[in-house]
Amino acid sequence: MTADTRQKTLNQAQLVPIVLDEGQRGYDILIGSGLLDEPSSWQGLSKAASALIVSNETVAPLYLQRLRAQLSKYYARVDAVLLPDGEQFKDWASLNLIFDRLLETASDRKTVLFALGGGVIGDMTGFAASVYMRGVPFVQVPTTLLAQVDSSVGGKTAINHPLGKNMLGAFYQPARVIADLDTLDTLSQRELSAGLAEVIKYGPIADAAFLDWIEVNLDALLARDKSALAYAVKRCCEIKAWVVGQDEREQGLRAILNFGHTFGHAIETGLGYGEWLHGEAVGCGMVMASDLSVRLGLMPAEFLPRMRALIERAGLPVVGPPLGAQRYLDLMRVDKKAEGGEIRFVLVEGLGKAGMHAAPDELVEMVLATHCA
Ligand code: NAD
Ligand code: MG
């Protein structure tokens with residue numbers, strides 16, 4: 001079936017196809033209101049005797065029963081495992097809870113895993129799916145804005161190590177992504193803002209017109225206007241699909257999606273996981289990376305105040321924690337993009353275009369001195 005035909009069979013939902021290996025592999029991202037209770041969302045997945053829903057203590061009371069009701073139409077057995085909630089639990093112990101449940105229920109190599117939750121659940125479920133019996137299918141059901149615009153799409157899965165974020169993982173693509181915009185109604189305002197950081201990210205790196213659109217529509221997004229959210233999620237997924245379609249395993253282009261993340265990961269690891277939200281760290285990290293883009297002469301001076309104002313309006317921190325420049329630099333040297341101990345930053349090279357750059361430590365120290373408490 002072509003993407004056009006698939007789109008016609010969907011009620012209301014928007015469909016963004018991800019095409020990998022020149023069409024050899026791919027899957028659909030469904031975006032819309034009411035998708036959780038819409039039978040067509042769940043049709044046509046690979047057949048299996050059982051499904052396992054992976055969720056957490058916060059999301060399960062809100063949405064688990066509804067997902068279970070839909071999946072029960074397609075799978076003879078639908079089990080669930082609930083993990084503790086939080087970035088600090090994105091670790092081996094939580095991952096093992098998934099394997100424990102899969103083995104206790106004698107799940108076979110066709111069992112389909114469903115990740116119901118935010119990026120933490122999605123990243124761990126995907127990693128578990130990549131490893132269980134050397135790989136079982138999984139479906140992303142993202143329930144945070146951040147997960148809908150970013151983490152559920154593209155097949156990066158991981159857990160954290162105490163010494164570095166997302167250091168253990170695999171590239172493993174989902175069979176489908178089902179982003180029900182209505183699930184965002186129950187998200188806290190702080191989490192909504194964290195998701196907006198990743199939305200904002202796509203503008204400067206890939207689409208100058210989208211950056212303009214976000215500036216105009218930010219209040220509507222903060223008020224959870226459904227049509228604004230639908231457009232933002234769709235546009236972000238289109239950009240991510242375009243990037244991942246060209247560079248699934250981050251040999252080059254895909255790294256631009258990490259704009260703000262080198263500084264951001266240092267903040268997250270330096271403070272201890274769960275202190276700042278990932279999106280908050282990325283928001284602040286984008287202020288720092290924007291400044292570095294200006295200091296290296298890649299962008300005009302106005303770019304920094306423009307980005308800082310937008311990030312602040314989105315309810316995100318624009319001043320970094322006082323970890324000390326040396327600690328920031330040490331943390332950034334273990335970033336996955338670092339090569340031979342040289343930190344490589346994603347910097348904006350003109351609105352809608354980004355690339356990788358090294359920078360002298362002294363310049364990075366000036367950036368940190370300017371934007372840290
Ligand atoms: P999260 O998964 O911790 O979710 C945030 C909080 O919201 C949690 O407390 C969660 O229980 C709660 N929640 C989720 N959905 C809810 C809902 N509908 N209503 C009420 N509460 C809800 O955090 P996140 O921001 O979704 O994801 C961050 C994670 O994603 C990080 O670990 C980051 O490394 C990862 N990430 C991965 C990729 C990727 O490509 N794989 C990309 C970006 C981020
Ligand atoms: Mg991110």
Side-chain angles (χ1 to χ4, degrees), residues 36 54-64 66-67 82-91 94 115-127 130 138 140-161 164-174 177 179-202 205 224 229 236-237 240-241 243-244 248-250 254-265 267-269 273-274 276-283 285-286 316 336 346:
L36 209 53
V54 181
S55 191
N56 71 24
E57 297 147 347
T58 307
V59 179
L62 297 167
Y63 304 111
L64 180 65
R66 285 163 59 194
L67 178 57
L82 304 191
L83 310 181
D85 183 7
E87 184 74 36
Q88 66 274 35
F89 299 110
K90 189 176 158 181
D91 61 6
S94 300
L116 176 68
V120 168
I121 289 294
D123 279 13
M124 280 196 289
T125 307
F127 191 23
S130 78
F138 86 112
Q140 290 273 17
V141 190
T143 62
T144 64
L145 180 59
L146 184 138
Q148 295 190 353
V149 300
D150 195 355
S151 65
S152 67
V153 172
K156 277 194 187 179
T157 74
I159 59 170
N160 298 327
H161 185 279
K165 204 175 137 57
N166 293 335
M167 280 295 161
L168 311 165
F171 287 100
Y172 196 68
Q173 299 292 343
V177 181
D180 186 337
L181 299 169
D182 293 344
T183 60
L184 304 180
D185 289 342
T186 53
L187 211 55
S188 70
Q189 203 63 24
R190 186 178 172 200
E191 294 290 353
L192 188 81
S193 287
L196 286 173
E198 303 278 15
V199 173
I200 291 169
K201 168 185 87 178
Y202 288 104
I205 62 164
R224 303 175 205 220
L229 283 170
C236 293
C237 287
K240 186 146 186 189
V243 171
V244 173
E248 183 183 7
R249 286 177 175 251
E250 198 163 318
R254 184 168 180 165
I256 66 168
L257 298 172
N258 280 315
F259 179 53
H261 282 60
T262 303
F263 289 108
H265 284 166
I267 294 172
E268 282 183 274
T269 308
Y273 303 124
W276 278 32
L277 302 179
H278 175 72
E280 291 172 337
V282 168
M286 285 193 291
L316 293 162
K336 284 191 290 307
V346 179

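For ligands, and for the atoms within them, numbers begin at 1 and follow the listed sequence.
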Apply side-chain contact (heavy atoms from CB on, under 4.5 Å) to residues E198 and H261 and explain how you reach the verdict. CA-CA 10 Å; E198 303 278 15; H261 282 60; 3.3 Å; yes
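- Within 4.0 Å of ligand 1, protein heavy atoms come from N56, T58, V59, L62, Y63, D85, E87, K90, G118, G119, V120, D123, T143, T144, L146, D150, S151, K156, K165, N166, T183, T186, L187, E191, E198, K240, H278.
- A heavy-atom distance below 4.5 Å is found between the side chains of L146 and S151.
- The shortest distance between side-chain heavy atoms of K240 and R254 falls below 4.5 Å.
- Residues V54 and L83 have side chains in contact (heavy-atom distance under 4.5 Å, counting atoms from C-beta outward).
- At a threshold of 4.5 Å between non-hydrogen side-chain atoms, the residues L36 and V141 count as touching.
- Of the residues K165, K156, K90, the one that meets the salt bridge (Lys or Arg N to Asp or Glu O under 4.0 Å) test with D123 is K90.
- Each protein N, O or S atom less than 2.8 Å from the Mg ion (ligand 2) was counted, giving 3.
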Where do R224 and D185 land on the salt bridge (Lys or Arg N to Asp or Glu O under 4.0 Å) test, with the steps shown first? CA-CA 7 Å; R224 303 175 205 220; D185 289 342; 5.9 Å; no
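- Heavy atoms only, all atoms of each residue included: H278 and H265 are closest at CE1-NE2, 3.8 Å.
- Distance check, rounded to the nearest 0.5 Å: CD1 of I200 to CD1 of I205 gives 12.5 Å.
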